[in-house]
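Values below: every heavy atom of this structure, side chains too, minus hydrogens, waters and symmetry copies.
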Amino acid sequence: MIPVILSGGVGSRLWPLSRGMYPKQLLPLVDPNYSMLQQTVQRTEGLHGISAPILVCNEEHRFMVGEQLHQIGIQDASIILEPEGRNTAPAIALAAFKLLQDGARVGADELMLVMPADHVISDVSAFHRAILVARELADEDYLVTFGIVPQGPETGYGYIKAGSSGQSGGLAVAEFKEKPDLNTAQAYVSSGDYYWNGGIFLFKASVFLAELAKLQPDVYRAAELAMSAAEPDLDFIRIDKTAFTESPSISIDYAVMEHTDKAMVVPLDAGWSDVGSWSALWEAAPKDNSGNAISGDVFLHNT
């Protein structure tokens with residue numbers, strides 16, 4: 001199983017701490033000792049059969065990403081550089097084609113555990129348990145997404161409606177829903193049939209690419225050409241810019257998950273947050289008895 005970590009964030013949220021050249025995934029927002037990217041990599045430690053990660057990142061962040069990996073002892077990661085962001089479907093396709101190129105070592109049937117680099121999961125043991133469930137489904141050629149058990153009627157997330165129970169503890173995906181208004185979100189949560197869409201996936205490279213080729217041939221072709229012309233650059237993999245920028249900019253949900261008949265969802269209740277706002281950062285951070293979350297040299301008085 002290969003962790004595929006998407007680190008393409010451009011620092012558009014949590015300004016001014018997070019900004020273009022120093023986005024939130026590279027910041028130690030929740031743990032003062034580790035960035036969110038480092039925590040994402042460390043989250044896979046202890047999983048059976050885990051291999052060196054593949055990271056897909058903004059070309060401008062390459063040296064910070066490389067340095068942060070070295071700081072936590074990761075020397076054998078593959079770091080693919082995106083010359084321009086094209087959303088998650090093309091980024092994941094680059095990683096899948098990288099696995100095809102490495103076929104003699106891992107093969108197209110190696111599982112890809114796709115994770116954004118800027119999310120928090122506080123209960124790693126629960127995350128690992130969910131991965132074990134998802135792994136059985138992915139081995140049966142399903143495309144598995146992890147549905148976050150909602151903690152309330154959140155309007156800032158997309159939702160996944162679960163259908164009937166499938167095999168191995170997964171649920172069929174009935175429908176993906178856009179970010180709702182508050183009344184709709186309350187109805188979703190009350191029904192018990194809906195999960196937050198956390199953007200975490202597990203599937204075989206071969207199955208994902210086959211579905212992508214069928215549903216989004218332009219994305220498939222652009223990623224294939226971009227990776228086939230890739231060249232090493234120090235510790236990085238520099239893809240062909242002209243080919244890659246021909247790809248439509250599209251998420252994996254729009255490109256594949258909403259249209260495939262292979263989608264399954266595994267519930268995940270593990271203290272997840274995408275830390276997309278200052279209030280979300282407060283929710284995820286450790287707090288004192290008065291509810292204060294602090295970072296750095298802070299003196300609090302009657303606060």
Query raised in the report: Using 30° and 60° as the class limits, which term best fits the ring planes of Tyr157 and Trp272: parallel, tilted or perpendicular?
Result: perpendicular

Query raised in the report: Which of parallel (below 30°), tilted (30 to 60°) and perpendicular (above 60°) describes Phe299 and His301?
Result: parallel

Query - Distance-minimising heavy-atom pair for Glu211 and Lys262 - result: OE2-CE, 3.7 Å

To the nearest 0.5 Å, tell me how far [X] [atom1] sits from [Y] [atom2].
X: Gln71; Y: Ser35; atom1: CD; atom2: OG; value: 8.0 Å
X: Leu234; Y: Leu81; atom1: CG; atom2: CG; value: 10.0 Å
X: Glu84; Y: Glu82; atom1: CD; atom2: CD; value: 10.0 Å
X: Met115; Y: Ile121; atom1: CE; atom2: CD1; value: 8.0 Å
X: Ile294; Y: Leu300; atom1: CD1; atom2: CG; value: 5.0 Å
X: Met264; Y: Leu137; atom1: CE; atom2: CG; value: 5.0 Å

Do [X] and [Y] belong together in a cluster built from hydrophobic side chains that touch within less than 4.5 Å?
X: Tyr220; Y: Tyr254; result: yes
X: Phe63; Y: Tyr22; result: yes
X: Leu37; Y: Met21; result: no
X: Ile5; Y: Leu47; result: yes
X: Met1; Y: Ile74; result: yes

For [X] and [Y], indicate whether the former's side chain and the latter's backbone hold a donor-acceptor pair under 3.5 Å.
X: Glu154; Y: Gly156; value: yes
X: Gln101; Y: Met227; value: yes
X: Arg19; Y: Leu17; value: yes
X: His128; Y: Arg43; value: yes
X: Ser191; Y: Tyr188; value: yes

Side-chain touch [X]/[Y], heavy atoms, less than 4.5 angstrom:
X: Arg135; Y: Leu202; value: yes
X: Leu27; Y: Leu14; value: no
X: Tyr159; Y: Trp196; value: yes
X: Met257; Y: Val173; value: no

Query - side-chain hydrogen bond (donor to acceptor under 3.5 Å, both in side chains) contacts in which one or both residues fall within residues 225-239, not counting sequence neighbours - result: Glu59-Arg238, Asp233-Arg238

